[in-house]
Amino acid sequence: MAFDIDMIKKVYETIVERVDKAREITGKPLTLSEKILYAHLWDGTPSKAFVRGKDYVDFAPDRIACQDATAQMALLQFMQAGKTKVAVPTTVHCDHLIQAKVGASADLQSAMNNSSEVFNFLESVSNKYGIGFWKPGAGIIHQVVLENYAFPGGMMIGTDSHTVNAGGLGMVAVGVGGADAVDVMAGMPWELKFPKLIGVKLTGKLSGWTAPKDVILKVAGIVSAKGGTGAIVEYFGPGATAMSCTGKGTICNMGAEIGATTSTFGYDESMERYLRATDRADVADAANEVKDYLTGDAEVYANPEQYFDQVIEINLSELLPHLNGPFTPDLATPVGTMTDKAIENDWPLEVEWGLIGSCTNSSYEDLSRAASIAQQALDKGLKTKAEFGINPGSEQVRFTAERDGILEVFEKLDAKIFTNACGPCIGQWARYSDPKNAPKNSIVHSFNRNFAKRADGNPNTHAFVASPEITAAIAISGRLDFNPITDTLINENGEEVKLDEPTGWELPPKGFDVEDNGYLAPVEDGSGVVVNVAEDSERLQLLTPFEPIGDEIKGAKLLIKAFGKCTTDHISMAGPWLRFRGHLDNIANNTLIGAVNAYNKKTNFVKNQLTGEYNGVPDVQRAYKAAGIKTIVVGDHNYGEGSSREHAAMQPRHLGVAAVLVKSFARIHETNLKKQGMLALTFVNENDYDLIQEDDTFNFLDLDKFAPDSPLTIEVVHADGSKDVIKANHTYNQPQIEWYNAGSALNLIKRQNAAS
């Protein structure tokens with residue numbers, strides 16, 4: 001039986017009335033995305049139509065999921081909210097703090113030894129506040145959610161940008177910062193600008209070497225890394241219904257890489273099969289009762305141009321396998337066209353590693369199809385030219401794959417089976433002893449992100465994203481430009497052999513099985529549970545509320561003008577820094593150390609205007625804070641793209657940064673800045689970015705009149721005494737301005753709880 005089945009049935013009891021009312025109010029048929037949004041309004045039954053891309057709307061999500069790296073800060077914040085129990089079903093998953101190095105058993109034990117303080121903290125807080133806890137080794141958060149919690153027509157939020165994976169089971173699932181999650185845990189609404197809608201019509205059918213992963217790799221190449229910003233991507237058509245549920249999850253997962261709010265598919269038979277296979281027949285039965293409300297209306301899918309803001313059509317029968325990268329997930333290259341492109345760009349053609357797994361591609365189907373390629377290598381006398389690593393998605397998947405002999409196939413090719421955890425996908429990979437000085441090389445993986453240094457800390461690693469099948473084939477060949485559709489390989493006997501098309505199982509023929517799935521339920525009454533945080537801990541630190549920045553910012557200094565791409569990885573790196581995710585002051589020592597200084601094109605090397613000397617960004621910022629001087633960060637387009645980590649907002653705030661002024665923001669990061677009581681601003685005139693000089697001082701001239709839809713005026717004073725006056729836009733509504741005035745959204749929640 002499913003977790004929280006009563007909650008799911010309650011959603012289905014209200015969805016019919018609410019969707020019917022939404023159709024009446026809007027006067028048109030509805031997409032699936034609109035049905036779920038209107039069915040989850042905080043105020044209940046819809047009473048007005050919302051304008052896409054403009055109206056801020058309060059929603060009531062059904063559940064929350066947190067991974068261990070972000071859960072620390074989220075729960076530290078929740079502990080300040082004055083509540084005794086979370087208001088909606090919530091889970092914590094320990095998957096980020098496990099480093100891949102030797103293999104599953106040794107790596108898991110090492111994590112338990114090194115991070116026991118954090119795991120014990122998360123377990124105790126979960127137990128105290130009624131939160132379900134998934135132990136280290138239980139699996140990757142998004143695979144575990146798909147197997148246990150996702151349900152068609154539901155809405156969830158999670159403190160990880162790849163929460164969107166649950167769209168594979170027909171949800172609107174959105175990655176958020178921890179402060180958003182804390183709002184909902186505390187019984188408050190979750191605010192989101194009503195999204196625009198992108199429709200992707202899938203015709204034809206996947207076959208041969210082409211996999212669901214290639215759909216999103218193709219879409220990323222079409223729309224770019226920011227083309228989905230502010231939109232939900234809804235997939236439909238005969239190609240969609242013919243695809244497996246976990247394949248749909250893969251596509252939705254990587255929607256985060258185009259900036260989409262989320263992605264989703266309508267409920268169909270593949271979802272029903274997956275629900276029943278994962279012991280949730282009760283959910284499938286309930287969903288079948290309202291199945292017409294769990295997909296888009298027929299008129300919408302028949303005439304998508306009338307109902308979506310943008311429509312993309314892909315014929316799956318013609319789609320080729322893709323490799324995307326390096327250094328960005330939207331640089332798409334179909335197989336068979338890589339050779340010239342790699343030579344032209346000086347990408348290393350020799351591949352050193354092939355990695356399969358992550359939250360994106362670690363299902364039973366993924367492993368079985370990749371294993372079919374590995375088995376061919378064994379049968380045809382081939383050895384892998386590259387090293388091979390496997391991260392199963394969950395203990396249920398791992399146990400079942402081991403039972404069915406799938407893992408044994410990989411092991412016969414000397415693959416390393418890592419823990420059921422994120423591992424290399426998030427920089428938790430002990431590949432090098434000195435990654436900063438490691439050699440130039442190429443790797444191929446079935447993960448989602450491939451920013452510089454993302455997997456192994458080596459800026460010279462060229463990471464390419466592909467399906468598990470293509471990853472396996474390339475690992476065997478050792479060549480980036482290997483095309484398994486046409487190319488042959490020479491085996492140990494000197495014979496020319498060709499790999500056949502991959503085969504696999506949508507679901508395990510013998511069913512799923514597991515001895516210990518790693519779940520710990522909370523006690524009914526957690527009032528007696530004690531949560532201890534040592535004062536001298538290096539890993540955990542209780543939070544002190546932020547003081548309001550105020551309505552007067554004068555004499556603020558430029559901390560850094562970031563040049564080019566500045567992701568959350570650049571603002572707050574992962575990898576070895578994950579160990580400090582629960583200690584704000586310690587992790588603040590990595591603030592913006594990956595951002596490129598526009599004036600010298602170096603990282604972590606900025607001018608201290610007080611001394612004239614150059615130093616690391618956190619050192620300079622701490623000097624300004626000690627002197628009582630506010631600062632500003634200036635950035636380029638899509639600032640803060642990447643993961644949902646709110647640390648990228650909390651760290652600058654903790655160190656004294658008052659405002660971030662950029663050409664454009666990634667959605668989650670902009671919200672995170674607002675939640676922490678900072679100013680998130682964009683240039684009215686993007687060319688004003690070029691006016692900002694290294695020694696500039698900033699005066700906000702009308703911050704005392706901070707109001708919705710009203711730009712702010714900033715006087716920029718240069719070192720020679722000359723001045724420029726620039727305009728800065730913002731997207732704050734009145735409640736968000738109240739967050740700013742209170743010092744943070746959490747401060748406001750705490751005040752409201754105290755008054756109630």
Any side-chain heavy-atom pair of [X] and [Y] under 4.5 Å:
X: Ile141; Y: Cys359; answer: no
X: Phe451; Y: Glu641; answer: yes
X: Leu108; Y: Ile98; answer: yes
X: Ile587; Y: Arg645; answer: no
X: Trp347; Y: Lys341; answer: yes
X: Ile726; Y: Leu661; answer: yes
X: Leu703; Y: Tyr740; answer: yes
X: Trp429; Y: Trp353; answer: yes

Sidechain N-carboxylate O distance under 4.0 Å for [X], [Y]:
X: Lys607; Y: Asp695; answer: yes
X: Glu191; Y: Lys674; answer: no
X: Asp330; Y: Lys226; answer: no

Any donor-acceptor pair under 3.5 Å linking the side chain of [X] with the backbone of [Y]?
X: Asn458; Y: Pro439; value: yes
X: Thr591; Y: Ala588; value: yes
X: Asn420; Y: Gly137; value: yes
X: Gln67; Y: Ala69; value: yes
X: Asp68; Y: Leu97; value: yes
X: Asn324; Y: Gly221; value: no
X: Ser744; Y: Asn747; value: yes

Would you check if there is a donor-acceptor pair between the side chains of [Y] and [X] at a distance under 3.5 Å?
X: Thr419; Y: Asp107; answer: no
X: Arg581; Y: Ser572; answer: no
X: Arg622; Y: Asn589; answer: yes
X: Thr250; Y: Asn361; answer: yes
X: Ser664; Y: Asn638; answer: no
X: Glu694; Y: Asn600; answer: no
X: Lys557; Y: Thr697; answer: yes

To the nearest 0.5 Å, tell me how far Leu592 CG sits from Ile560 CD1.
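It is 5.5 Å, given to the nearest 0.5 Å.
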Please state whether the rings of His669 and Tyr639 are parallel, tilted or perpendicular, taking 30° and 60° as the class boundaries.
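Tilted.
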side-chain hydrogen bond (donor to acceptor under 3.5 Å, both in side chains) for Ser362 and Asn391? Distances and angles first, verdict last.
CA-CA 7 Å; Ser362 56; Asn391 279 84; over 6 Å; no
Could you pull out the closest heavy-atom pair between Trp739 and Lys675, with the gap in Å?
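Taking every non-hydrogen atom into account, CH2-CE, 3.5 Å.
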[X], [atom1] atom: more than 12 neighbouring heavy atoms under 6.0 Å:
X: Lys601; atom1: NZ; answer: yes
X: Lys101; atom1: NZ; answer: no
X: Phe119; atom1: CZ; answer: yes

Evaluate Thr631 against Val620 for side-chain contact (heavy atoms from CB on, under 4.5 Å), listing each step before the verdict.
CA-CA 10 Å; Thr631 58; Val620 172; over 6 Å; no
Quick one: which of Asn165, Asp95, Asp160, Asn253 gives a side-chain hydrogen bond (donor to acceptor under 3.5 Å, both in side chains) with His142?
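Answer after filtering Asn165, Asp95, Asp160, Asn253: Asp160.
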Scan residues 439-451 for pairs that pass salt bridge (charged side-chain N to carboxylate O under 4.0 Å, His left out), counting only residues two or more places apart or in two chains.
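As it turns out, the salt bridge (charged side-chain N to carboxylate O under 4.0 Å, His left out) pairs with a partner in residues 439-451, which skip direct neighbours, are Glu257-Arg449, Asp346-Lys440.
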Six-ring centre of Tyr689, Lys561 cation under 6.0 angstrom, axis tolerance 45°:
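Yes; both conditions hold, so Lys561 lies above the ring face of Tyr689.
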